[in-house]
Visitor: 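Okay, here's the structure, questions in a sec.
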Amino acid sequence: MSTTITTEKNTAAQDTTAEKGPTAAPAAPPSAVRHTLLEDVLGILTGTFAASLGLFLLKSSEAVTGGTAGLALLLSYSLPLPFGVIFAGVNLPFFGLAIWKKGWNFALRTGVAIALVSVMASLHPWAFGSLDLDPAYGVLAGNLLAGVGLLILFRHKSSLGGFNIMALLLQEKLGWRAGYVQMVLDVAIVVASLALVTPLMVLLSAVGAVLLNLILALNHKPGRYLGM
């Protein structure tokens, strides 16, 4: 009798295991989702290239965008300095913030990304020459590329400094979406550009800034992306 009961219990346990098998996925070890050094290098190179090309399209359209990139674009329209030099200079104060709040790993990756964008921003005019772009296309395409570039950098624990760092900090500390935070800050910068840019271009630039940050808000959500 006891043998029969034991056999029935074992059979039930096997049935329960069989039921759980197809639906219970084993937890992936941390090494399975962590980015390798090569992946980080290629990711940062890809992100900085996309972002720098987007900024080149914006500058060719005489448009602006938000954040430190927008400030650098505005200054480049009135200062006889290359955009890459201005972009690096504007971001310099935020490098200290990155070290203080995010640590050396993030800060060094961000410093490398800023340097790469500064260099690549000088290479695009050499490769393409002067471009005569439709303003709407230049603004939308430029912000789209810049948004994709920033998304790639965020996922490889890097950024382009400036408001990116502030947005990421607020997301981590308060749970606010990085894309929405940066959207508010960017629109403020675009509105301030009325002093140097025509109202029509400011309107286009505001739409472009919203597009850029929607890309971040919809794709960079806490806990969704497991890459490290």
Side-chain angles (χ1 to χ4, degrees), residues 34-59 64-76 79 81-127 142-173 176-179 181-183 185-186 189 209 212-213 215-216 219-220 222 225 227-228:
R34 185 179 297 277
H35 289 133
T36 65
L37 176 61
L38 178 60
E39 288 172 338
D40 281 335
V41 170
L42 293 177
I44 290 175
L45 286 173
T46 303
T48 51
F49 178 82
S52 65
L53 183 57
L55 292 174
F56 170 70
L57 293 180
L58 289 171
K59 183 170 175 56
V64 293
T65 188
T68 52
L71 289 175
L73 282 171
L74 282 176
L75 292 174
S76 70
L79 295 177
L81 293 172
F83 170 77
V85 174
I86 299 174
F87 180 72
V90 168
N91 275 291
L92 189 59
F94 291 94
F95 186 72
L97 178 63
I99 296 173
W100 178 39
K101 290 295 187 180
K102 298 288 290 180
W104 278 103
N105 183 35
F106 177 86
L108 289 176
R109 291 175 186 235
T110 295
V112 169
I114 292 172
L116 286 172
V117 168
S118 299
V119 172
M120 291 178 183
S122 301
L123 294 178
H124 295 313
W126 172 78
N143 279 286
L144 178 64
L145 284 170
V148 171
L150 283 172
L151 179 63
I152 295 172
L153 290 174
F154 286 175
R155 289 184 170 180
H156 288 273
K157 293 190 175 181
S158 182
S159 76
L160 288 181
F163 292 160
N164 303 157
I165 298 173
M166 294 177 62
L168 287 174
L169 285 173
L170 289 173
Q171 175 170 285
E172 292 179 3
K173 300 298 183 182
W176 298 354
R177 296 274 181 84
V181 172
Q182 186 157 335
M183 184 189 300
L185 297 172
D186 287 354
I189 294 295
L212 185 157
N213 289 287
I215 294 172
L216 299 180
N219 293 281
H220 191 70
Y225 184 69
M228 302 176 65

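Quick note: residue numbers are just sequence positions, from 1.
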Visitor: Any side chain to side chain donor-acceptor pair (under 3.5 Å) involving residues 111-124? Give me the pairs, sequence neighbours left out, ordered by first then second residue.
Guide: Ser52-His124

Visitor: To the nearest 0.5 Å, what is the distance between CE on Met120 and CG on Leu55?
Guide: 12.0 Å

Visitor: What pairs with Leu74 under side-chain contact (heavy atoms from CB on, under 4.5 Å), at least two apart in sequence or on another chain?
Guide: Val64, Ser193, Leu196, Val197

Visitor: Of the non-hydrogen atoms in Ala121 and Phe83, which two are nearest, and what is the gap between them?
Guide: CB-CD2, 3.7 Å

Visitor: As an exercise, state the distance from NE2 of His156 to CG of Leu151, rounded to the nearest 0.5 Å.
Guide: 9.5 Å

Visitor: Taking the side chain as C-beta and beyond, is there a heavy-atom pair between Leu212 and Leu144 under 4.5 Å?
Guide: no

Visitor: To check you understand the geometry: which heavy-atom pair defines the closest contact between Lys157 and Phe106, and what is its length?
Guide: O-CD1, 3.4 Å

Visitor: Is there a donor-acceptor contact under 3.5 Å from the side chain of Thr68 to the main chain of Val90?
Guide: no

Visitor: Enter the distance from Ile152:CD1 to Asn219:CG here, rounded to the nearest 0.5 Å.
Guide: 11.0 Å

Visitor: Looking at Leu160 and Ala51, what are the two nearest heavy atoms and their distance?
Guide: CD1-CB, 3.8 Å

Visitor: If I compare all heavy atoms of His35 with all of Glu39, which pair ends up nearest, and what's the gap?
Guide: CA-OE1, 3.1 Å

Visitor: How long is the gap from CG on Leu75 to CG on Leu81, to the nearest 0.5 Å?
Guide: 9.5 Å

Visitor: To the nearest 0.5 Å, what is the distance between CG (Asn91) and CD1 (Ile114)?
Guide: 4.0 Å

Visitor: Checking Thr110 now: which residues fulfil side-chain hydrogen bond (donor to acceptor under 3.5 Å, both in side chains) with it, not counting sequence neighbours?
Guide: Ser159

Visitor: Atom CG of Leu153 and atom CZ of Arg109: how far apart are they, to the nearest 0.5 Å?
Guide: 11.0 Å

Visitor: Under the side-chain contact (heavy atoms from CB on, under 4.5 Å) test against Leu53, which residue among Leu145, Leu58, Thr48, Val117 passes?
Guide: Leu145

